[in-house]
There are 2 protein chains.
Amino acid sequence: MDLLAVVAAAHEISMRAEDRIGPLLALHRLTPPTAHALWSIDPSEPPPSMKLMADRLYCNAPNLTFLVNQLVDRGLVTRATDPSDRRSRVLTLTSRGREVREELVSTMLQVTPFAVLDPSELSQLAALLTRVTDASAG
Amino acid sequence: MDLLAVVAAAHEISMRAEDRIGPLLALHRLTPPTAHALWSIDPSEPPPSMKLMADRLYCNAPNLTFLVNQLVDRGLVTRATDPSDRRSRVLTLTSRGREVREELVSTMLQVTPFAVLDPSELSQLAALLTRVTDASAG
DNA sequence: AGCACATCCTTCGAGTCTCGAAGCATCGCT
DNA sequence: AGCGATGCTTCGAGACTCGAAGGATGTGCT
């Protein structure tokens with residue numbers, strides 16, 4: 001059955017990538033969860049709310065509060081009250097946050113096991129994975 | 001660039017799968033790390049040592065000791081001294097461990113986002129991922 | 001306006017995970 | 001026998017995850 005092989009291989013690739021990015025994370029006192037949170041704040045988009053981030057990271061509210069505190073403590077993110085809904089807090093990267101995020105992304109593109117694929121294979125793979133994420137939306 | 005899209009999509013798929021398997025894990029008082037450890041003990045192969053498991057899971061020795069303790073506490077795994085090297089401990093699934101592992105694998109095959117692909121797409125994807133894991137071995 | 005209810009976030013406590021440093025037992029080698 | 005290497009465990013500190021509970025703000029209803 002190919003499905004089992006695909007699930008196992010995908011997991012293996014994730015673990016390998018996480019292992020290889022580890023040293024860079026340690027350098028910035030980050031961990032996989034905090035790095036993922038940082039990654040998920042795109043500076044070219046409007047600042048996301050805590051709620052939106054929790055949905056993106058598939059985590060609950062207390063957990064997200066904790067992760068954001070870690071990023072704030074490390075000077076990478078700032079919290080602000082959303083003027084249009086004062087219950088909501090929006091997250092903005094500091095200049096250092098933007099730098100670290102950029103370093104994270106560019107390093108990941110170098111060390112990810114997917115980097116061994118050539119452009120044609122990558123394009124095939126991107127098409128398949130896009131189909132998966134679109135079709136299983138939720 | 002397709003590479004970034006591939007990395008992001010792969011991560012998204014993993015998170016989604018983990019989210020969907022969560023309820024089953026909770027039922028057995030498992031978590032993603034302990035479930036992954038359980039998954040990595042194939043009952044049809046010779047019992048792995050702690051060392052081998054640590055390599056498979058990309059984790060260090062103290063961490064693996066902790067995870068295995070969790071599985072032992074939950075009655076899923078037993079530890080035994082390897083007669084051929086008395087420093088080494090080998091891990092064997094209990095009958096309950098085999099049941100839970102089987103349930104885990106079969107449920108994952110149902111809920112994984114990859115399940116939306118048809119056989120031809122799956123076979124294509126399996127070929128690409130196998131190439132990635134083989135080419136980036138380490 | 002006032003009240004009920006929902007939503008967004010935070011705090012707290014308990015359990016889990018991760019890792020470096022240190023230590024113990026055993027193995028392989030000389 | 002002695003010595004360094006290897007496999008595992010213990011310990012302590014920091015990080016992560018979640019349910020329960022609570023405070024603040026928005027929404028809808030009368």
Side-chain angles (χ1 to χ4, degrees), chain A residues 14-15 18-40 47-74 76-92, chain B residues 14-15 18-40 47-74 76-92:
Chain A
S14 298
M15 304 282 303
E18 188 170 301
D19 182 58
R20 292 180 185 172
I21 202 78
L24 177 61
L25 299 192
L27 206 61
H28 296 292
R29 298 198 308 133
L30 291 173
T31 61
T34 48
H36 188 203
L38 181 62
W39 181 295
S40 299
S49 68
M50 301 283 288
K51 168 69 170 160
L52 178 55
M53 286 291 289
D55 290 346
R56 278 184 194 165
L57 301 178
Y58 296 89
C59 76
N60 54 22
N63 192 5
L64 188 65
T65 293
F66 172 80
L67 293 176
V68 170
N69 282 343
Q70 296 285 94
L71 294 177
V72 170
D73 289 349
R74 285 155 181 70
L76 304 175
V77 161
T78 60
R79 237 192 284 248
T81 297
D82 179 353
S84 74
D85 183 347
R86 300 182 43 75
R87 291 171 302 181
S88 181
R89 307 282 177 272
V90 291
L91 304 178
T92 312
Chain B
S14 297
M15 303 282 304
E18 189 172 300
D19 183 57
R20 292 181 186 173
I21 203 78
L24 177 61
L25 300 192
L27 206 60
H28 295 292
R29 298 198 309 132
L30 291 173
T31 61
T34 47
H36 187 203
L38 181 62
W39 182 294
S40 299
S49 68
M50 300 284 287
K51 168 68 171 159
L52 178 56
M53 286 291 289
D55 290 345
R56 277 185 194 165
L57 302 178
Y58 296 89
C59 75
N60 54 21
N63 192 5
L64 189 64
T65 292
F66 172 81
L67 294 176
V68 170
N69 282 343
Q70 295 285 91
L71 294 176
V72 170
D73 290 348
R74 283 155 181 70
L76 304 175
V77 161
T78 59
R79 237 191 286 246
T81 297
D82 180 352
S84 74
D85 182 346
R86 298 181 45 73
R87 292 171 301 182
S88 182
R89 308 280 177 274
V90 291
L91 304 178
T92 313

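On a predicted model such as this, the values are computed, not experimentally measured, just so you know. Just so it is clear: chains get the letters A, B, ... in the order the sequence lines come, proteins before strands, and each one is counted from 1.
The nearest whole Å value for the distance from the OH atom in B:Y58 to the C1' atom in C:dT18 is 18 Å. Here C:dC9 presents its P atom at 13 Å from CG of A:L57, a figure rounded to the nearest Å. Atom pair A:D73:CG and C:dT10:P shows a separation of 13 Å (rounding to whole Å applied). Put simply, CD on A:Q70 is 10 Å from P on D:dT17, counting in whole angstrom units. Taking atom CG on A:N63 and atom C1' on C:dG15, their separation rounds to 14 Å, with Å as the unit. A:L67 places its CG atom 12 Å from the P atom of D:dA15, with the value rounded to the nearest Å. For the pair B:L25 CG and D:dT17 C1', the computed distance is 13 Å after rounding to whole Å.
The side chain of A:R29 places no N or O atom within less than 4.0 Å of a non-bridging phosphate oxygen (OP1 or OP2) of C:dC19.
Taking for each of A:P32 and A:D82 the nucleotide of DNA chain D with the nearest heavy atom, the 5'-most of the two is the partner of A:P32.
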Reading nucleotides 5-12 of chain D 5' to 3', which nucleotides get B (base under 4.0 Å from a protein heavy atom), which S (sugar-phosphate only), which -?
BBSSBB--
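Listed by chain and number, the residues in a salt bridge (charged side-chain N to carboxylate O under 4.0 Å, His left out) with A:D82 amount to none (sequence neighbours excluded). Judged as a salt bridge (charged side-chain N to carboxylate O under 4.0 Å, His left out), and not counting sequence neighbours, the contacts of B:D85 are B:R87. Not counting sequence neighbours, the partners of B:Q70 by the side-chain contact (heavy atoms from CB on, under 4.5 Å) test are B:T34, B:F66, B:D73, B:R74.
Separating the CD1 atom in B:I21 from the CG atom in B:L27 is a distance of 11.0 Å, to the nearest 0.5 Å.
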Would you list the atom pairs, donor with acceptor, under 3.5 Å between side chains in residues 50-60 of chain B and any protein atom, with sequence neighbours excluded?
residue : atom : partner : partner atom : Å
B:R56   : NH1  : B:S40   : O            : 2.5
B:Y58   : OH   : A:E12   : OE2          : 2.6
B:Y58   : OH   : A:R16   : NE           : 3.1
B:N60   : OD1  : B:N63   : N            : 3.2

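Across all non-hydrogen atoms, the minimal contact from A:L91 to A:P47 is O-CB, 3.2 Å. Scanning all heavy atoms of the two residues, the minimum distance from B:A35 to B:L25 falls at CB-CD2, 3.7 Å.
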Quick one: which protein N/O atoms are closer than 3.5 Å to N/O atoms of nucleotides 1-3 of chain D? Pair and distance per line, please.
none

Test side-chain contact (heavy atoms from CB on, under 4.5 Å) on A:L30 and A:L71; report intermediate values, then the result.
CA-CA 8 Å; A:L30 291 173; A:L71 294 177; 3.9 Å; yes
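Residues B:M15 and B:D19 are not in side-chain contact: their nearest non-hydrogen atoms beyond the backbone lie 4.5 Å or more apart.
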